[in-house]
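Here's the structure, in structure tokens; my notes come after.
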Amino acid sequence: EGTSSRPELDDQASRQLKRHRGQRWGDGWREGAAPLLRLKRWWRTRCAVRRGSSTPSLGATSALAGQRLARRRQRFSRRRKAVAGAAATQTSAEAKPPKQSHRRLAQNAEYIEQAARAAVEVADFSLRTVLQILQRLDVPINTNRKNVMPKGRTYVHGMLLGLYSYGGTMGVSLASRRHPWLTRLLVGALRTESPDFPFTSIQLNYNYASRPHIDKNNLGTSYIIALGPHTGGGVWVHDAEVGDVPFTLDEEGEDISSSYRAGDTFFGKVLCSQDTWSVFDGNQLHFTQPFEGERYSLVFFTCDRYAAAPLAVRDALHEVGFDFDWADENVKATLAEKLQRRAAASSRRLSVVGPSNQGQQEEVLLRGRCIGRTWAGGWGLRCTAACAEGSDFCGSHVQRDRWKTHGRMDGPLPPAKEEEMARTQRRLIAQGKRPPVDHGATILVPIPN
């Protein structure tokens with residue numbers, strides 16, 4: 001009485017009050033044994049019951065664990081094969097372009113616009129500033145410029161600023177509307193070098209060496225400069241008059257044009273464009289030599305369909321920073337000269353190679369006209385060339401079975417091309433355009449009266 005100490009308990013009562021926490025794992029638990037194994041078995045049993053099966057025995061639980069282990073091994077094997085296949089695919093011609101987030105591109109555009117605007121407002125058009133801003137730019141992926149893609153590539157990084165012409169439509173590119181201040185910065189950079197050079201478009205390329213090609217939709221004269229820390233990357237340009245560097249087109253490749261046939265050798269010159277403004281004719285064969293490092297190239301040129309640009313497009317081009325003079329007489333003369341050269345080349349293609357005589361001309365006429373279908377701005381017209389000897393197609397359509405792209409005029413279109421042509425025709429009709437001919441076009445959609 002009167003004490004605060006606890007009463008003494010015998011050993012049996014003490015064991016009943018002080019039960020070990022391990023006993024909650026079951027009667028089979030023994031002092032010093034880890035309860036993890038029984039916990040795992042209990043969890044597997046609970047999961048099996050949740051899936052709707054009856055409570056399995058220990059053997060059934062082990063069987064389920066074995067099945068899960070087998071599935072994990074299969075998943076691991078599939079992942080390993082997928083990773084190996086992806087690594088191999090990156091170096092193959094079937095490599096798919098990585099996905100780019102539109103949200104990320106928009107956020108990057110906002111950041112780039114702030115930097116470009118700050119430079120333009122203080123009239124800082126130096127090449128150093130241009131390079132610093134370009135290095136922060138997420139250059140979008142382009143899968144359409146197949147004529148410039150290096151072999152083994154299915155996409156390149158690049159974007160067009162300014163006027164575009166595609167499938168009979170003209171407008172201001174999305175990149176210009178997204179980057180108006182960057183466009184003004186690049187325009188100002190060229191104006192510090194050439195205040196009077198006329199141009200409607202700027203092509204930005206990033207880290208790829210273009211294969212041999214011609215810019216057939218350009219007016220011709222172009223300015224180019226390459227920026228970034230790199231070695232090599234000179235631009236070879238065909239020059240029949242002063243060229244001294246030979247180049248032979250791949251014999252197993254395709255013809256670039258009627259003037260540049262596979263297997264032929266041409267002489268040209270190499271332009272050093274690194275941090276240097278250079279002028280060249282984009283209508284001549286040209287390509288980028290191999291390089292190492294980081295390379296941004298900017299090409300300033302005039303679209304040869306500039307005269308067909310609507311007034312709204314001209315105003316939109318001016319709003320994003322271009323100062324093109326639509327009434328420039330020198331540009332008009334250059335365009336007329338190019339159209340004359342194009343007409344002369346077309347006449348030569350239709351004529352017989354070699355001595356011209358009446359008998360050869362009659363032979364060509366007897367062969368008839370090529371039955372192959374051409375894209376023709378999305379209207380699917382018949383090829384205008386003469387048939388090759390012993391064939392229903394011209395030499396160009398016979399080579400590598402190119403006629404299969406759009407099919408024969410007396411046969412159906414390939415399904416994928418038919419869908420693409422129908423989409424193009426719907427877009428052209430919505431713009432108020434009509435087929436170029438009354439008869440002979442491949443009409444896939446209703447034409448309003």
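- Aromatic ring centres of Tyr223 and Phe280 lie farther apart than the 6.0 Å criterion allows.
- Side chain of Thr192 to backbone of Ala189: a donor-acceptor contact under 3.5 angstrom is found.
- Partners of Arg305 by salt bridge (Lys or Arg N to Asp or Glu O under 4.0 Å), not counting sequence neighbours: none found.
- Using modelled atom types, no side-chain atom of His318 and backbone atom of Ala316 make a donor-acceptor pair closer than 3.5 Å.
- For the pairing with Val331, the side chain to side chain contact (heavy atoms under 4.5 Å, CB included) check across Leu335, Thr334, Asp328 returns one residue only, Asp328.
- Between Thr442 and Arg373, the side chains place a donor N or O and an acceptor N or O closer than 3.5 Å (distance only, hydrogens not considered).
- Under the 4.5 Å side-chain criterion, counting only non-hydrogen atoms from C-beta, Asp325 is not in contact with Pro198.
- No side-chain N or O of Asn108 forms a donor-acceptor pair with one of Glu110 less than 3.5 Å apart.
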*Pair Leu249-Glu254, side-chain contact (heavy atoms from CB on, under 4.5 Å): steps then yes or no*: CA-CA 9 Å; Leu249 287 171; Glu254 298 181 355; over 6 Å; no
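- Looking at heavy atoms from C-beta onward, Leu127 lies in side-chain contact with Trp277 at the 4.5 angstrom threshold.
- Formation of a donor-acceptor pair under 3.5 Å by the Arg426 side chain with backbone atoms of Val445 is not found in this model.
- For the pair Arg314 and Trp326, the cation-pi criterion (under 6.0 Å, within 45° of the ring axis) is fulfilled.
- Remark: Glu294 CD to Tyr206 OH distance equals 4.0 Å, nearest 0.5 Å.
- The only option from Phe266, Phe267, Phe287 that meets the ring-ring contact (aromatic ring centres under 6.0 Å, His included) definition with Phe247 turns out to be Phe287.
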*Apply side-chain contact (heavy atoms from CB on, under 4.5 Å) to Val320 and Arg184, showing your working.*
CA-CA 7 Å; Val320 296; Arg184 295 185 181 97; 5.6 Å; no
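- A donor-acceptor pair is defined here as one N or O able to donate and one able to accept, closer than 3.5 Å; no such pair exists between the side chain of Arg295 and the backbone of Asn205.
- With values rounded to the nearest 0.5 angstrom, Cys383 atom SG is found 12.5 Å from Arg408 atom CZ.
- For Lys216, the NZ atom sits in a loose shell: 12 or fewer heavy atoms of surrounding residues, nucleotides or ligands are nearer than 6.0 Å.
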*How far apart are the C-alpha atoms of Asp281 and Asn218, what are their side-chain angles, what is the distance that settles it, and do they pass the side-chain contact (heavy atoms from CB on, under 4.5 Å) test?*
CA-CA 9 Å; Asp281 186 354; Asn218 297 4; over 6 Å; no
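- Between Arg178 and Glu113, the closest heavy-atom pair is O-CG, 3.8 Å.
- For Glu292, the CD atom counts as loosely surrounded, since its 6.0 Å shell holds 12 or fewer non-hydrogen atoms of other residues, nucleotides or ligands.
- The two residues Leu271 and Val279 have their closest heavy-atom pair at CD1-O, 4.0 Å.
- Once rounded to the nearest 0.5 Å, the distance linking CG of Leu227 with CD1 of Ile225 reads 5.0 Å.
- Around atom CD of Gln431, more than 12 heavy atoms belonging to other residues, nucleotides or ligands sit under 6.0 Å away.
- Side-chain N or O atoms of Ser176 include one that pairs as donor or acceptor with a backbone N or O of Gly162 at under 3.5 Å.
- Across every non-hydrogen atom of Ser165 and Cys303, the tightest pair is CB-SG, 3.8 Å.
- For the pairing with Phe199, the ring-ring contact (aromatic ring centres under 6.0 Å, His included) check across Phe324, Tyr306, Phe322 returns one residue only, Phe322.
- The side-chain heavy atoms of Arg177 and Leu174, taken from C-beta on, include a pair separated by under 4.5 Å.
- Of all heavy-atom pairs spanning Asn147 and Ile214, the tightest one is ND2-O, 4.0 Å.
- Of all non-hydrogen atoms in Gly253 and Ala262, the two that sit nearest each other are O-CB, 3.5 Å.
- The side-chain tip of Lys417 points at the ring of Trp375 from less than 6.0 angstrom away and within 45° of straight on.
- A donor-acceptor contact shorter than 3.5 Å links the side chain of Asn142 to the backbone of Arg145.
- Atom OG1 in Thr405 sits 8.5 Å away from atom CZ in Arg402 (nearest 0.5 Å).
- With a 4.5 Å cut-off on side-chain heavy atoms, Pro229 and Gln135 count as touching.
- A donor-acceptor pair is defined here as one N or O able to donate and one able to accept, closer than 3.5 Å; no such pair exists between the side chain of Ser210 and the backbone of Val148.
- By the 4.5 Å heavy-atom criterion applied to side chains, Trp403 and Ile371 are not counted as neighbours.
- Considering CG of Asn283 and OG1 of Thr221, their distance stands at 8.5 Å, rounded to 0.5 Å.
- Using modelled atom types and a 3.5 Å distance limit, the side chains of His238 and His286 yield no donor-acceptor pair.
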_Apply side-chain contact (heavy atoms from CB on, under 4.5 Å) to residues Leu131 and Ile133 and explain how you reach the verdict._
CA-CA 5 Å; Leu131 175 60; Ile133 294 178; over 6 Å; no
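- Taking 4.5 Å as the limit, every side-chain heavy atom of Ile202 sits out of range of all side-chain heavy atoms of Leu160.
- Not one N or O on the side chain of Thr129 forms a donor-acceptor pair closer than 3.5 Å with the backbone of Phe125.
- Judged by distance alone, with hydrogens and angles left aside, the side-chain atoms of His230 form no donor-acceptor pair with the main-chain N or O of Phe291 at under 3.5 Å.
- At least one side-chain heavy atom of Leu185 sits under 4.5 Å from a side-chain heavy atom of Val130.
- Between the side chains of Thr276 and Ser273, no donor-acceptor pair of N or O atoms lies under 3.5 Å.
- To the nearest 0.5 angstrom, Cys394 atom SG is 11.0 Å from Arg369 atom CZ.
- Checked by atom type and distance alone, the side chain of Arg261 never pairs as donor or acceptor with a backbone atom of Asp255 at under 3.5 Å.
- Around the NZ atom of Lys269, the shell of radius 6.0 Å holds no more than 12 heavy atoms that belong to other residues, nucleotides or ligands.
- The minimum heavy-atom distance between Leu219 and Lys338, with the atom names listed, is O-CD, 3.9 Å.
- For Phe300 and Phe197, the ring centers sit 6.0 Å or farther from each other.
- Within the 4.5 Å cutoff, the side chain of Arg434 has heavy atoms near those of the Pro448 side chain.
- A donor-acceptor contact closer than 3.5 angstrom links the side chains of Gln284 and Tyr260.
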